[in-house]
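Structure, as structure tokens:
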Amino acid sequence: DELEDITDKYINVTPGSKKREEVMKAIAEPVDNKKVFVVHGHDTELKNDVELFLKSINLEPIVLHRQLDEGMTIIEKFEKHSDVKYAIILLTPDDVGFPVGETDKTEEDRTIELRARQNVIFEFGYFVGKLSRKNVCCIYKIGVQLPSDLNGLIYKQVNKSVEEVGLFLMKELKNCGIDVKFE
């Protein structure tokens, strides 16, 4: 809020005009069409499976813990590596929770919910905001609570392997302008 907005000094076309949109796109950092961010929790098997699947169709999976730290905080590292065209979110039942209203109930009477890790939900929202819903695919394992704020979004269920939704994923990636090839 304290910084001066100097956009109009360098882009002197009417806000909202097609030309302004073209100029803004031209100066934006180019996004590597081969990078796909994989957001995951503690299900290492599914994460590795998705990585191998993406590599098999000639794409570069970006998994945050595999990137160099370079002295950055986690959020700095996350932002640096979020320059992707597509994100795959893996919602797996890694945490257990219950509504706070049931705190006084016995364990047997509580409504136990299997939940994805909080960082996964945060990163899910980040990518929906950054890339739009059409460039984010959410894959979930049965039993995990799905975020209600994103009702209407199509979630794909897997039981064991990403291959169960592989054809769907390839079509979605291709629809977003990502060059999908088998190797």
Side-chain angles (χ1 to χ4, degrees), residues 31-69 74-75 77-78 80-99 102 107-108 110-183:
V31 174
D32 187 339
N33 248 3
K34 296 286 186 189
K35 291 182 182 179
V36 175
F37 203 102
V38 179
V39 174
H40 64 91
H42 289 185
D43 191 325
T44 304
E45 187 177 340
L46 183 59
K47 174 197 64 178
N48 292 342
D49 191 37
V50 169
E51 281 185 280
L52 288 172
F53 174 79
L54 291 171
K55 288 177 182 178
S56 77
I57 58 173
N58 200 31
L59 298 177
E60 180 186 348
I62 302 299
V63 176
L64 197 59
H65 72 85
R66 298 199 196 289
Q67 309 306 313
L68 293 174
D69 292 336
I74 292 174
I75 192 70
K77 185 176 170 182
F78 176 75
K80 177 182 179 180
H81 294 286
S82 68
D83 62 335
V84 297
K85 179 124 185 191
Y86 202 85
I88 296 174
I89 314 300
L90 305 179
L91 293 178
T92 55
D94 298 322
D95 289 350
V96 175
F98 57 86
E102 297 189 9
E107 197 168 321
E108 302 84 43
R110 288 185 185 142
T111 305
I112 299 294
E113 299 168 343
L114 300 176
R115 299 176 180 170
R117 304 284 304 162
Q118 290 180 344
N119 68 292
V120 172
I121 300 300
F122 171 79
E123 293 168 21
F124 185 9
Y126 176 89
F127 279 118
V128 167
K130 181 175 182 166
L131 303 176
S132 83
R133 291 186 313 256
K134 81 174 201 133
N135 289 28
V136 176
C137 177
C138 187
I139 296 173
Y140 73 97
K141 281 201 169 173
I142 195 158
V144 73
Q145 181 185 32
L146 300 178
S148 61
D149 284 358
L150 293 170
N151 279 340
L153 193 69
I154 296 181
Y155 296 91
K156 290 295 180 183
Q157 180 183 326
V158 296
N159 295 311
K160 257 189 151 4
S161 170
V162 73
E163 304 267 334
E164 298 166 43
V165 294
L167 184 58
F168 166 83
L169 254 178
M170 289 187 295
K171 287 179 181 178
E172 289 292 316
L173 290 161
K174 195 164 193 65
N175 187 53
C176 292
I178 297 174
D179 189 22
V180 176
K181 293 180 181 171
F182 287 109
E183 292 213 348

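Keep in mind the model is a prediction, meaning the values are calculated, not measured.
Here the shortest heavy-atom pairing between Pro147 and Tyr155 reads O-OH, 3.4 Å. A pairwise comparison of heavy atoms in Asp43 and Lys141 identifies OD2-NZ, 2.7 Å as the closest pair. Counting all heavy atoms, side chain and backbone alike, Phe98 lies closest to Arg115 at N-NH2, 3.7 Å. A pairwise comparison of heavy atoms in Val120 and Gly41 identifies CG2-N, 3.7 Å as the closest pair.
Atom CG of residue Leu59 and atom CD of residue Glu51 lie 12.5 Å apart, to the nearest 0.5 angstrom. Rounding to the nearest 0.5 Å gives a distance of 11.0 Å between NZ of Lys80 and CG of Leu64. Rounding to the nearest 0.5 angstrom, the gap separating the CG atom in Leu169 from the CD atom in Glu164 is 11.5 Å. With rounding to the nearest 0.5 Å, the separation of CD in Gln145 from OH in Tyr140 is 13.0 Å. Rounding to the nearest 0.5 Å gives a distance of 9.0 Å between NZ of Lys174 and NZ of Lys181. Taking NZ of Lys47 as the reference point, atom NE2 of His65 lies at 3.0 Å (rounded to 0.5 Å).
Under the 4.5 Å side-chain criterion, counting only non-hydrogen atoms from C-beta, Ile139 is not in contact with Phe168. Side-chain contact check for His40 versus Thr92: every heavy-atom pair is 4.5 Å or farther apart. Here the side chains of Ile88 and Leu54 are in contact, with some heavy-atom distance below 4.5 Å. Contact annotation: the side chain of Leu114 approaches that of Val96 to within less than 4.5 Å [non-hydrogen atoms, C-beta and beyond]. Looking only at side-chain heavy atoms (C-beta outward), Arg117 and Asp95 come within less than 4.5 Å of each other. At a threshold of 4.5 Å between non-hydrogen side-chain atoms, the residues Cys138 and Leu91 count as touching. Residues Ile57 and Leu173 form a side-chain contact, since some pair of their non-hydrogen atoms from C-beta on lies under 4.5 Å apart. By the 4.5 Å heavy-atom criterion applied to side chains, Val158 and Leu46 are counted as neighbours.
Counting non-hydrogen atoms of other residues, nucleotides and ligands closer than 6.0 Å to CD1 of Ile74 gives a total of 12 or fewer. Heavy atoms of other residues, nucleotides or ligands lying less than 6.0 angstrom from CD1 of Ile142 number 12 at most. Within 6.0 Å of CD on Gln118 lie no more than 12 heavy atoms contributed by other residues, nucleotides or ligands.
At least one donor-acceptor pair closer than 3.5 Å links the side chain of Glu102 to the backbone N or O of Thr111. The backbone N or O of Asn33 lies less than 3.5 Å from no partner atom in the side chain of Asp179, so there is not a single donor-acceptor pair. In this structure, the side chain of Asp49 engages the main chain of Val162 through a donor-acceptor pair within 3.5 Å.
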Dump the intermediate steps for side-chain contact (heavy atoms from CB on, under 4.5 Å) on Phe122 and Ile75, then the final yes or no.
CA-CA 11 Å; Phe122 171 79; Ile75 192 70; 3.9 Å; yes

Chi angles and distances behind the side-chain contact (heavy atoms from CB on, under 4.5 Å) call for Val50, Val63:
CA-CA 10 Å; Val50 169; Val63 176; over 6 Å; no

side-chain contact (heavy atoms from CB on, under 4.5 Å) between Ile89 and Val136: does it pass, once the steps are laid out?
CA-CA 7 Å; Ile89 314 300; Val136 176; 3.7 Å; yes

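Residues satisfying the salt bridge (charged side-chain N to carboxylate O under 4.0 Å, His left out) criterion with Lys77, sequence neighbours excluded, are Asp69.
Using cut-offs of 30° and 60° on the angle between ring planes, the pair Phe78 and Phe37 is perpendicular.
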